[in-house]
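Predicted, not measured: the structure shown is a model, and the values here were computed from it. Per chain, numbering begins at 1; letters A, B, ... match sequence-line order.
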Amino acid sequence: SPTCSGMEIELLAQDVLRSHRETSQPRAEELQQRRWDTFSREEVCAYQRKPMQEMWERCAGRLTEAIQHVVEFAKRLRGFMELCQNDQIVLLKAGAMEVVLVRMCRAFNPDNRTVLFEGKYAGTELFRSLGCHELVGSIFDFAQSLCALRLSESEVAFLCAIVLINANRPWLQEQAKVARLRGRLEVAFRLLLRRTHREGLLARLPPAGRLRALCSQHVEQLQAFRRLHPGALPAAFPPLYRELFA
Amino acid sequence: KHRILHKLLQNGNS
């Protein structure tokens with residue numbers, strides 16, 4: 001289209017990959033090297049003995065760090081900072097956790113169902129004292145299903161960009177502008193998939209509702225935790241976590 | 001509202 005030249009699409013694609021590379025830690029090669037470095041039986045037991053509140057604080061801390069990287073990813077994405085500030089906030093508030101969940105598949109080992117957490121790979125049992133087995137299981141299932149797609153780093157980068165730039169989020173002020181950016185991202189993603197003979201991927205992606213459900217489940221579990229531990233949240237949870245979820 | 005997100009977005013290199 002006249003508003004979307006081939007050059008523009010090319011630049012956008014390079015930009016998505018660079019933004020992803022610069023803001024995703026650890027790097028893919030390092031994750032690959034460490035994927036069998038799992039917690040010992042004793043270390044798992046030590047995590048399981050931690051009080052519920054401490055485990056929630058730790059998980060909120062790690063999640064917040066991941067979200068800060070997602071904010072940096074968004075800021076480097078061509079077009080994001082040209083949106084009005086209301087819409088930047090709306091997109092991040094609604095999408096940051098979803099992007100973290102997509103990014104999590106990079107740090108997930110589907111062969112033993114473990115995820116990198118505080119330096120080593122951990123199975124669901126390590127998170128027992130959180131008291132939300134169902135949520136943890138669903139998050140692991142989601143990571144497992146993304147890993148089955150054998151996504152390349154470029155594909156993860158585009159998925160994250162497309163999850164974030166969603167013109168259907170409520171309270172957007174310049175919906176058309178977001179939709180145009182989203183459209184350009186989709187064109188660039190399709191071009192990448194055609195070049196790499198991966199067109200079939202689009203039909204195999206998990207439905208958007210699945211990510212949304214995981215995020216609502218997280219907020220529900222947080223509310224249940226707050227009922228059990230009133231007053232715990234202001235004390236030790238990161239302010240950004242409270243701002244996004246409480 | 002969203003004070004921290006605002007701050008992170010405004011910082012050149014947060």
> Tabulate, in ascending numerical order, the residues of residues 83-103 of chain A having at least one heavy atom closer than 4.5 Å to a heavy atom of chain B, or enter 'none'.
A:Q85, A:Q88, A:I89, A:L92, A:K93

> Using modelled atom types only, decide if a donor and an acceptor are shared between the side chain of A:K75 and the backbone of B:L8 within a distance under 3.5 Å.
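Answer holds: yes.
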
> Within a reach of under 6.0 Å around CZ of A:R18, are more than 12 heavy atoms found that belong to other residues, nucleotides or ligands?
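For A:R18, atom CZ is crowded (more than 12 foreign heavy atoms under 6.0 Å).
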
> Nearest 0.5 Å, please: how far is CG in B:L9 from CZ in A:F80?
5.5 Å

> Just by distance, do the side chain of A:E243 and the backbone of B:R3 share a donor-acceptor pair under 3.5 Å?
yes

> With a 4.5 angstrom heavy-atom cut-off, which part of A:L244 approaches chain B: side chain, backbone, both or neither?
side chain

> Taking ring pair (Phe, Tyr, Trp, His ring centres under 6.0 Å) as the definition, give me every residue that meets it alongside A:F73, ordered by chain and number, with sequence neighbours left out.
none

> If you draw a 6.0 Å radius around CD in A:E134, do more than 12 non-hydrogen atoms from other residues or ligands fall strictly inside?
no

